[in-house]
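Written below as structure tokens is the structure these notes are about.
Lettering follows sequence order; numbering is per chain, from 1.
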Amino acid sequence: MRRTLYCGNLREQHAGEKVVLEGWVNRRRDLGGLIFIDLRDREGIVQVIANPDSTCFTEADRVRPEWVVRVVGVVRSRPADQVNPKLSTGAVEVVAESLEVLAEAKTPPFPIDAGWRGEQDQSVNEEVRLKNRVVDLRRKRLHDNLRLRHKVIAAIYRFLDAEGFIGVETPYLTRSTPEGARDFLVPSRLEPGHFYALPQSPQLFKQMLMVAGYDRYFQIARCFRDEDLRADRQPDFTQLDMELSFVTQEDIIALNERLAAYILQEALGVELSLPFPRLTYAEVMNRYGSDKPDLRFGLELQDATEVFKGGEFRAFASAETVKVLVVPALLPRKEIEELEALAKSKGAAGLAWARLENSAFTGGIARFIPPGLREKIAISEGQTVLFVAGPWRKAVESLGAVRLELGKRLKLIEPGYKFLWVVDFPLLEWDEEANRWTYMHHPFTSPNLEDLPLLENNPGQVRAYAYDFVLNGSEIGGGSIRIHRRDLQERMFTLLGIGPQEAQEKFGFLLEALSYGAPPHGGIAWGLDRFVAHLAGEDSIREVIAFPKNKEGKETLTGAPAPVDETQLAAVGLAIRGNA
RNA sequence: GCUCCGGUGGUGUAGUUGGUUAACAUACCCGCCUGUCACGUGGGAGAUCGCGGGUUCAAGUCCCGUCCGGAGCGCCA
């Protein structure tokens with residue numbers, strides 16, 4: 001008595017067949033002398049009917065939602081007036097001959113049946129959902145999300161295999177490397193007092209595979225970073241990691257956008273037109289105030305630095321940058337104040353404003369606006385102008401945050417998938433705290449060779465061969481061409497304040513590898529959880545991870561992290577220090 | 001570490017300027033019902049309103065603290 005097919009796959013063509021179904025009771029309708037059971041498995045639900053004269057009627061009377069049952073019965077077409085058009089199995093039903101209870105079930109803590117009959121699931125507090133993740137995972141939404149994730153990964157394997165990529169696994173127990181994110185440490189039993197670190201990414205391993213001549217590598221790799229969590233970030237996450245030899249930045253970008261188009265075609269049936277826009281870092285920062293702009297709406301920032309320069313409005317006259325956002329609405333005072341709070345949280349000194357009413361600026365800083373503004377920037381009746389003045393980076397980023405918020409509030413965001421590449425990132429940025437230059441991407445990123453002469457004297461101007469892959473305002477990938485010459489890598493380490501001794505100690509194996517004849521190479525890593533979340537239309541990556549961590553980094557199903565026995569600690573030579 | 005938001009039967013919500021039996025839906029249990037498909041219908045059980053303290057004649061409601069959860073800042077090469 002093995003299952004003959006999935007409940008959700010029954011169709012009119014099966015009418016007259018005897019079938020064996022196994023699954024969960026999604027819902028039971030007891031009409032007194034007649035009982036209907038919606039039986040569910042991963043493919044969907046089908047209506048099972050138990051007649052009062054059937055031997056299985058007593059069992060059917062006993063079952064409850066979420067019980068696991070095996071039904072043997074005959075498929076029958078429903079009369080036209082009894083077809084349920086909402087179900088893909090709605091043209092048939094199964095007349096039960098026998099019904100065997102395989103497992104009884106407690107009443108679930110929250111409803112899970114609605115999604116399976118094509119309705120909206122009731123929203124349930126996430127804390128309750130995560131505590132009962134097994135029940136939660138039964139819901140249609142998570143079934144759909146995890147199957148979408150699988151389709152994406154299967155498409156990645158097909159595409160990259162066809163492109164000649166070789167999948168290679170790299171170690172999870174590896175060595176701690178300085179900077180970047182905080183490492184997760186794993187104590188060594190064989191060498192007490194020494195630690196492995198879980199990899200933040202397979203970066204160095206894949207570079208060494210390139211030196212070893214594998215030419216095209218990829219891996220769906222788990223990565224670990226011990227930092228605080230967000231809706232789109234958790235400590236163990238999945239990357240699609242790849243690396244290619246003898247390539248340029250353009251080769252990697254072109255390949256990856258073809259991959260993205262293939263995935264969307266395979267997983268969602270969505271057609272994308274290539275190539276995706278390529279914008280420089282300077283351009284996206286100036287136009288959108290973000291290095292991961294959401295291109296699903298316009299509302300671009302504009303520049304008014306020159307208009308105010310040397311003018312009577314002191315606050316703007318000497319500002320490095322004055323950015324302007326023209327909002328197609330007359331914003332009320334209260335809303336502007338909320339937006340100002342947002343701008344300030346991103347480092348703006350304030351958010352100046354004025355409205356254009358009856359052909360004149362009114363309110364806010366209206367009387368300080370020079371006539372030149374309207375010559376430079378188109379502003380129409382009934383619009384609001386918002387300004388941020390200050391250092392360039394703070395000005396654009398804070399007004400960029402306002403842009404994003406207004407996009408949401410004014411419902412300007414169009415549906416769809418807006419991919420783009422951000423290129424020409426600066427190689428280095430100034431670290432105020434450490435009072436020195438630090439890398440923007442990672443220390444193995446190649447400078448743009450045209451800018452090499454600037455490296456020591458004007459490091460801030462040096463562009464990197466680094467690129468980010470952005471989808472709907474979210475960074476879903478990033479990569480770079482790597483340094484493949486030992487001398488240049490050592491020069492970078494020096495610039496970053498990593499002395500020869502430290503470089504040798506921490507990255508000796510890399511420098512050694514580079515001295516054995518390394519090919520020019522580069523690659524990229526995608527944040528797979530984020531990418532899938534976007535495709536699934538979810539705001540949180542927890543919706544596309546089977547067993548996610550909560551905001552506090554806890555895995556609520558097993559209760560990790562948890563204390564361990566004294567003997568386990570002793571085995572690795574550790575003792576817990578009292579909380580100071 | 002910080003800011004903001006939330007916590008009311010199993011679940012999802014309501015609860016007015018503080019006012020006495022904490023409401024509704026659904027789920028659950030029992031009864032009736034042969035064509036339902038969120039079946040219908042009658043009945044029942046189920047909440048010391050996250051926890052502690054304070055103000056008050058009176059606190060789900062106001063105040064303070066605390067715990068838990070979420071969004072964000074810092075952090076995340």
Side-chain angles (χ1 to χ4, degrees), chain A residues 26-39 45-54 57 64-66 76 78-79 81-87 89-90 93 95 106-132 135-136 177-183 199-201 203-204 223-235 237 338 341-342 344-347 401 404-405 425 427-429 431 433 438-445 464 466 475 478-480 492 496 498 525 527 539-540 542 550-552 554 556:
Chain A
N26 198 59
R27 222 175 157 83
R28 193 181 72 108
R29 289 177 295 281
D30 182 354
L31 274 63
L34 194 61
I35 295 170
F36 295 101
I37 288 169
D38 290 338
L39 193 63
I45 60 176
V46 69
Q47 174 164 284
V48 173
I49 175 168
N51 286 305
D53 50 351
S54 161
F57 191 78
R64 290 292 180 271
E66 300 310 311
R76 157 170 103 184
R78 302 200 205 178
D81 61 329
Q82 282 172 22
V83 167
N84 184 345
K86 286 188 277 183
L87 298 181
T89 61
E93 62 191 0
V95 183
K106 291 203 292 187
T107 302
F110 48 86
I112 59 191
D113 57 301
W116 289 100
R117 52 171 192 268
E119 289 173 22
Q120 187 80 41
D121 272 313
Q122 177 185 275
S123 73
V124 177
N125 187 307
E126 194 175 6
E127 193 179 352
V128 176
R129 292 178 53 202
L130 289 181
K131 256 183 204 143
N132 301 279
V135 173
D136 194 27
T177 51
E179 308 199 60
R182 199 174 293 116
D183 282 318
Q200 296 181 25
S201 87
Q203 183 61 36
L204 292 170
C223 303
F224 306 87
R225 295 177 191 178
D226 188 6
E227 298 292 349
D228 285 359
L229 294 85
R230 291 288 186 279
D232 63 353
R233 233 167 61 194
Q234 70 158 27
F237 64 102
E338 288 165 8
L342 174 67
K344 281 182 170 172
S345 78
K346 303 283 180 179
L404 202 55
E405 180 61 25
F425 275 87
L427 181 70
L428 302 162
E429 62 185 341
D431 184 337
E433 249 175 62
T438 184
Y439 46 83
M440 202 155 174
H441 184 58
H442 58 49
F444 322 111
T445 301
E475 182 197 329
S480 64
M492 271 301 293
L496 296 168
I498 302 173
D539 290 332
S540 164
R542 293 188 294 271
N550 73 5
K551 190 79 191 290
E552 311 304 313
K554 291 175 192 144
T556 46

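Residues Thr556(A) and Glu127(A) form no side-chain contact, since every pair of their non-hydrogen atoms from C-beta on lies 4.5 Å or further apart.
When rounded to the nearest whole Å, the span between CG of Asp113(A) and C1' of U11(B) equals 12 Å. Summarising the geometry, the separation between CD on Glu405(A) and P on A71(B) is reported as 16 Å, rounded to the nearest angstrom.
Using C1' as the reference atom, U3(B) and U21(B) are 41 Å apart when rounded to the nearest Å. To the nearest whole angstrom, the two C1' atoms, one in A23(B) and one in C5(B), are 25 Å apart. Taking the P atom of each, A27(B) and U66(B) are spaced 41 Å apart, rounded to whole Å. When the P atom is used for both A22(B) and G60(B), the distance is 10 Å, rounded to whole Å. If you take atom P in C57(B) and the same atom in G44(B), they sit 40 Å apart, rounded to whole Å. Using atom P as the reference point in both A59(B) and G50(B), the two lie 15 Å apart (nearest Å). Taking atom C1' in both G6(B) and C51(B), one finds a spacing of 16 Å when rounded to whole Å. Rounded to a whole angstrom, the distance from the C1' atom of U41(B) to that of U36(B) is 14 Å.
Considering only side-chain atoms of Lys554(A), the nucleotide from A71(B), G69(B), G35(B) that sits closest is G69(B). Among the nucleotides G72(B), C39(B), C75(B), the one closest to any side-chain atom of Arg27(A) is C39(B).
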Arg117(A) vs Glu119(A), salt bridge (charged side-chain N to carboxylate O under 4.0 Å, His left out): CA-CA, chis, key distance, verdict: CA-CA 6 Å; Arg117(A) 52 171 192 268; Glu119(A) 289 173 22; 3.2 Å; yes
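A 3.5 Å limit on both hydrogen-bonding distances identifies C64(B) as the Watson-Crick or G-U partner of G52(B). Of the nucleotides present, C5(B) is the one that pairs with G69(B) by Watson-Crick or G-U wobble criteria, both distances under 3.5 Å. With a cut-off of 3.5 Å on both Watson-Crick or G-U wobble distances, the partner of C75(B) is given as none.
Among the heavy atoms of the strands lying under 4.0 Å from Ser123(A) are primed sugar atoms or P, OP1, OP2 only; no base atom is included.
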Please enumerate all protein N or O atoms sitting under 3.5 Å from an N or O of nucleotides 1-9 of chain B, with distances to 0.1 Å.
{"residue": "G1(B)", "atom": "O6", "partner": "Asp228(A)", "partner atom": "OD2", "Å": "3.4"}

